[in-house]
Amino acid sequence: MATITGNATHQAALLGVMASGNAGPLTMDQLDAVLPIGRKKIATAAGRLILRGFVERAETGVYALTLTGRKALAEGVSLKSGPHRGKRKHPVYRDTLTQRAWTAMRLQPRFSLGDIITLAANDQDGQPEKALQRFVHRLKSTGYLVELPARRRGSTRTSNGFKVFRLVRDTGEHALRWIDRQRSMKDWNTREIFPVRTGRARHDREVLPATRRGGA
Amino acid sequence: MKNAFVETANVARFQAALSALERRGASEACLMVVDGAPGLGKTTALHRWAAHNACIFVRAKKEWSPGWFLDEMLGQFRIAPAHSYKKKFEQALEAMLQRQSAMHLQRKTFAVVIDEADHVSRSANIIESIRDFSDTGDIVFVLVGMGKIRDNLTRFPQVASRIAQYVRFEPATAADVRAFFDRLCDVPVADDVAGFVHKIAGGLNREIMEAIAAIEAVGRRNKAKEGAPVTLAMLAGQPLMNDRRTGQPIFVPEGL
């Protein structure tokens, strides 16, 4: 019987187990029950997969596949042992409105857009409402933010109230950045890229039938 | 109501204390204590400052142990904590020093803000851990609480001597209330209304915000504009805010 040796083999085995489940987070106990290697080896392999960006640590001893990991599995990427990339360069911490807003979101358990504007906007920021509305929409469509069912009461009599959000995927200190060319958001903490469904297509769908009716 | 941050006298005092802290003589004296009654805007001011300076912001828990404290700090950096206290301390110190260096290049002060620090101000273990961090890495710690911190820290003279600045958040002044109306209120408001709100709100920010919402509604109904601001006469008989102690609404008296 062939023995499993080498870190890449362990990583492949771990990735295989994570893919065979329901793609949800797996605890160390669950992994230990399935894999024929020790817990320390599992932790080492998981650490290496985290460095590759294939797996993330949901909490201590709990691992989950990332989007990059799922893609790699689907494409059948072979995992080679040894250094797989150069020294990772840490992204620069930028003093931008979105970075400040992201930090403010991490500070508050639940928040409205107004709360974030109050905490993050400077007098130098041109139109913070518009910029942060876009940022919040993109974070929501990539699954980082969820909208809570209860709204915050507005100050005017006919107000519908304000949407309240919660940050459910706090991956680290660096804010997600918009890549316009790819219509995607990049998470600099996990190096993952998430395509964002923009409002353009929906707008087209809404306009098209009206134009047809007008034409007929 | 507009979404904006109001620079009150308390915030100005806090900023001045920070500037003084940066110019301190003894490098190890890098602790700061911010205290004051609830509702004076301490947490909002500190949240804003932390968001602008990429600071670490943790909320102390009643049963915090040194290990739990380090776990929360490492959680803020998204670092998986090691098992031993020694390794956790090293992990936290390294992460903080890296962040401090990055923020120093941007001419910003990196600090660790501990909110609700009253919970830990009597715990020698945690206070000594904080002292270790500040001594080893000259890391600024801001302890935020409700007034017991100063007294409790006198039990630890070696820590109390390292507190470079004390900032007490006081009730909002008349000028602060005027600034709240100017910066947040959608309708123009006369000085007599600002004076009345200052008097009945007791300088508490939450109550002032409540009053602004009520005054805006009246202002819109009466089509208040520049040159014809909301006056006390317009507000006569209207509920302005709820009394924090009794929960009863406070009305503007008729005939003021």
Exercise for the section: Could you tell me which residues in residues 121-133 of chain A have at least one non-hydrogen atom under 4.5 Å from a non-hydrogen atom of chain B, sorted by residue number? Expected result: Ala121(A), Asn122(A), Asp123(A)
Handout entry: Partner residues of Arg169(A) under the salt bridge (charged side-chain N to carboxylate O under 4.0 Å, His left out) criterion, sequence neighbours left out
Key = Glu56(A), Glu192(A)
Handout entry: Counterpart residues, ring-ring contact (aromatic ring centres under 6.0 Å, His included), relative to Phe89(B) (two or more places apart)
Key = Phe133(B)
Completion exercise
With chain A, the option among Gly75(B), Ala4(B), Ala213(B) that has the most non-hydrogen atom pairs under 4.5 Å is Ala4(B)
Handout entry: Flag if over 12 foreign heavy atoms under 6.0 Å of NZ, Lys87(B)
Key = no
Handout entry: chain A contact via Thr43(B) - side chain, backbone, both or neither, heavy atoms under 4.5 Å
Key = neither
Fill in the blank from the handout: Bottom line for Arg78(B): the part with an atom under 4.5 Å from chain A's heavy atoms is side chain
Problem - Separation between CG of Asn53(B) and CG of Asp95(A), rounded to the nearest 0.5 Å - result: 8.0 Å
Exercise for the section: Would you mind checking which part of Ala104(A) comes under 4.5 Å of any heavy atom in chain B, side chain (CB onward), backbone (N, CA, C, O), both or neither? Expected result: both
Completion exercise
The interface call for Thr171(A) against chain B, heavy-atom contacts under 4.5 Å, is backbone
Practice task
For Phe165(A), enumerate each residue passing the ring-ring contact (aromatic ring centres under 6.0 Å, His included) test, keeping only those at least two apart in sequence or located in another chain.
Solution key: none
Handout entry: CZ/Arg221(B): more than 12 non-hydrogen atoms of other groups inside 6.0 Å
Key = yes
Completion exercise
OG1 (Thr44(B)) and CG (Leu107(A)) are apart, to the nearest 0.5 Å, by 11.0 Å
Problem - Lys2(B) NZ: over 12 foreign heavy atoms closer than 6.0 Å - result: yes
Problem - Between Glu216(B), Arg59(B), Lys108(B), the one whose heavy-atom pairs under 4.5 Å with chain A are most numerous - result: Lys108(B)
